[in-house]
Amino acid sequence: MSPPPPVFDHVWLNAHLATMRDDALGIIEDGAVAARDGRIAWIGPRAALPAHDAPVTDCGGAWILPGLIDCHTHLVFGGNRSAEFEMRLGGATYEEIARAGGGILSTMRATRAANDAQLVQAALPRLDALLREGVTTVEIKSGYGLELDAELRQLRAARALGAQRQVSVVTSLLAAHAVPPEYKGRQGDYLRHVVEEILPRAAAEGLADAVDAFCESIAFTPDETATLFTAAKRLGLPVKLHADQLTDGGGAALAAAHGALSADHLERSNAAGIAAMAKAGTVAVLLPGATLMLRETHFPPIAAMREHGCRMALSTDMNPGSSPALSLLLMLNLGCTLFRMTVPEALLGVTRHAAAALGLADRGVLAEGMRCDLALYRIQRPAELCYWLGGNPCAGRVVAGLPA
């Protein structure tokens with residue numbers, strides 16, 4: 001007596017698969033994927049697909065990748081900073097604008113003035129732009145409220161976005177982003193407010209999946225950052241870090257010392273810091289949108305990352321000041337053209353390594369048992385996702401086994 005056919009909820013076939021299971025992208029030509037209970041139940045060549053009676057989607061020769069992951073965004077905010085963009089074109093630097101009360105503090109004022117519904121409605125079009133390109137998981141930071149109620153409102157808005165769209169939203173508390181005006185000259189007092197009031201509330205209400213900080217000459221010192229990270233770990237929250245963007249302040253090594261999920265930016269990191277990150281398993285999140293917008297001439301030390309085996313992720317850094325980027329596909333191109341990443345490095349950077357940067361072990365790779373998040377593309381080869389400037393070949397998304 002023959003065994004009963006496997007039970008699948010849905011099958012996708014007549015597709016080429018880039019599984020991301022190895023550094024050569026794990027290609028399966030003419031493959032198939034089957035889902036059950038939101039996870040991948042079978043994957044392989046179509047000729048080996050077991051007999052089944054599940055509904056089938058004929059992908060017409062499309063390529064299937066793991067759903068893309070945008071692992072560093074500031075997607076929820078009020079207003080925009082197009083006026084400061086004009087100032088930078090006139091010669092003002094990012095640091096000069098920040099010290100004059102612009103930058104993060106400008107967005108803080110607009111964010112505090114917006115109510116919950118306004119924050120969500122302003123963010124939805126930005127989120128939708130990412131989803132149209134095949135994103136199925138997005139990280140969203142706070143950091144524009146800079147006081148208890150406004151920081152929590154940003155995080156609640158991020159959770160609301162995840163409830164209104166078919167997408168996984170991961171949140172990071174970034175209250176240590178800048179010092180608000182009411183604490184001018186009292187940076188230590190503000191950090192205590194973050195550690196003793198904002199962080200415990202965000203943790204108690206389940207609003208933060210991780211804790212982030214801006215460790216920089218115009219923001220928080222390594223010692224202050226270490227104090228915040230120690231408090232986060234006491235509450236069971238993993239940490240991430242904006243590191244070495246404007247100066248080499250030892251941020252990469254600091255992130256590694258605290259076992260951070262990721263250190264992000266890294267334009268001025270030294271080789272020793274990169275080696276420490278690789279040893280600690282901390283992912284390097286590269287943000288070429290900010291490099292482009294700020295006309296940076298310092299690029300992340302990609303050669304050191306390769307030498308030491310440090311995993312590299314790519315993200316939009318979507319934010320109103322230094323990277324108003326609505327396209328993760330564009331970041332693939334910029335990662336290759338600006339940073340000289342290879343096609344496999346870039347594609348792994350928005351799938352497998354981006355998942356690692358968020359501490360998510362259940363996605364970013366097409367394999368049995370993994371979450372069935374898929375992105376379908378009308379392309380001839382995966383390199384096209386890094387090649388085209390503009391355009392969108394995404395033919396569909398699948399989120400937890402369901403067409404989105």
Side-chain angles (χ1 to χ4, degrees), residues 20-26 66 68-73 137 139 170 172 210-216 222 225-226 229 238-291 296 298-317 323 328 331-332 334-361 363-365 386:
M20 302 296 153
R21 296 182 68 172
D22 57 49
D23 291 346
L25 304 185
L68 303 191
I69 299 169
D70 197 351
C71 63
H72 179 131
T73 86
T137 299
E139 185 258 15
V170 178
S172 296
V211 173
D212 200 345
F214 188 20
C215 182
E216 192 48 78
T225 302
F229 282 2
V239 298
K240 304 168 69 66
L241 187 64
H242 285 61
D244 303 334
Q245 179 185 10
L246 306 176
T247 59
D248 180 4
L254 177 66
H258 286 269
L261 291 174
S262 72
D264 305 29
H265 282 292
L266 305 172
E267 285 89 337
R268 288 171 170 80
S269 294
N270 58 61
I274 297 302
M277 284 177 55
K279 186 175 181 180
T282 298
V283 178
V285 176
L286 309 181
L287 307 170
T291 299
E296 267 287 356
H298 285 81
F299 295 166
I302 303 294
M305 294 174 189
R306 289 178 180 141
E307 177 185 355
H308 295 289
C310 185
R311 292 172 294 177
M312 294 180 283
L314 273 172
S315 182
T316 60
D317 189 20
S323 187
L328 189 57
M331 297 307 109
L332 288 172
L334 294 179
C336 294
T337 56
L338 284 183
F339 295 167
R340 298 295 189 263
M341 298 175 77
T342 66
V343 166
E345 285 172 340
L347 292 174
L348 288 165
V350 296
T351 53
R352 190 172 87 202
H353 295 163
L358 298 178
L360 299 174
R363 67 198 71 186
V365 173
C386 304

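Each residue takes its place number in the sequence, starting with 1.
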Please round to the nearest 0.5 Å and tell me the distance separating atom OG1 of Thr342 and atom CZ of Arg306.
-> 6.0 Å

Contact check, side chains of Leu286 and Met305, non-hydrogen atoms, under 4.5 Å = yes

Any Asn270 side-chain heavy atom under 4.5 Å of Ile274 side chain = no

Verify the distance criterion only: is there a donor paired with an acceptor across the side chains of His72 and Asp264 at less than 3.5 Å?
-> yes

So Thr351 and Val365, side chain to side chain contact (heavy atoms under 4.5 Å, CB included) or not? Walk me through it.
-> CA-CA 7 Å; Thr351 53; Val365 173; over 6 Å; no

Would you mind reporting whether Val211 and Lys240 have side-chain heavy atoms less than 4.5 Å apart?
-> no

Residues forming a side-chain hydrogen bond (donor to acceptor under 3.5 Å, both in side chains) with Thr225, sequence neighbours excluded | none

Less than 4.5 Å apart, any side-chain heavy atom of Val239 and any of Leu261?
-> no

State whether the side chain of Asp317 and the backbone N or O of Pro288 hold a donor-acceptor pair below 3.5 Å, judged by distance alone.
-> no

Atom CG of Leu314 and atom SG of Cys71: how far apart are they, to the nearest 0.5 Å?
-> 8.0 Å

Note, Leu332 side chain near Val350 side chain (heavy atom, < 4.5 Å) = yes

How far does CD of Glu267 sit from CD of Gln245, to the nearest 0.5 angstrom?
-> 5.0 Å

Kindly determine whether Arg352 and Asp23 satisfy salt bridge (charged side-chain N to carboxylate O under 4.0 Å, His left out), including the steps that lead there.
-> CA-CA 10 Å; Arg352 190 172 87 202; Asp23 291 346; 3.3 Å; yes

Any side-chain heavy-atom pair of His242 and Glu216 under 4.5 Å = no

Note: Gly364 and Pro66 closest approach over all heavy atoms is O-CG, 3.5 Å

Output all residues satisfying side-chain hydrogen bond (donor to acceptor under 3.5 Å, both in side chains) with Arg311, sequence neighbours left out; order by chain, then residue number.
-> none

Closest non-hydrogen atom pair, Thr291 against Phe339 | OG1-CZ, 3.4 Å

Mind listing the closest non-hydrogen atom pair of Ala278 and His308 along with its distance?
-> CB-O, 3.2 Å

Are any of the side-chain heavy atoms of Ile69 and Leu358 separated by less than 4.5 Å?
-> yes

For Arg268, all residues meeting side-chain hydrogen bond (donor to acceptor under 3.5 Å, both in side chains), sequence neighbours excluded = Glu296, His298

Over all atoms of both residues, closest heavy-atom pair of His265 and Pro300 | O-CG, 3.7 Å

Quick one: are Leu347 and Cys386 in side-chain contact, heavy atoms under 4.5 Å?
-> yes

Which atom pair, heavy atoms only, marks the closest approach of Ala255 to Thr282?
-> O-OG1, 4.1 Å

Of the non-hydrogen atoms in Leu254 and Cys215, which two are nearest, and what is the gap between them?
-> CD2-SG, 4.1 Å

Out of curiosity, Met277 CE to Leu241 CG, how far, rounded to the nearest 0.5 Å?
-> 9.5 Å

Gap separating the CG atom of Leu328 from the OG1 atom of Thr316, nearest 0.5 angstrom = 6.5 Å

Are Ser269 and Asp244 linked by a side-chain donor-acceptor pair shorter than 3.5 Å?
-> yes

Which is it for Ser315 and Met331 under the side chain to side chain contact (heavy atoms under 4.5 Å, CB included) test, yes or no, and what are the steps along the way?
-> CA-CA 7 Å; Ser315 182; Met331 297 307 109; over 6 Å; no

What is the distance from atom CG of Asp70 to atom CD of Glu139, rounded to the nearest 0.5 Å?
-> 8.5 Å

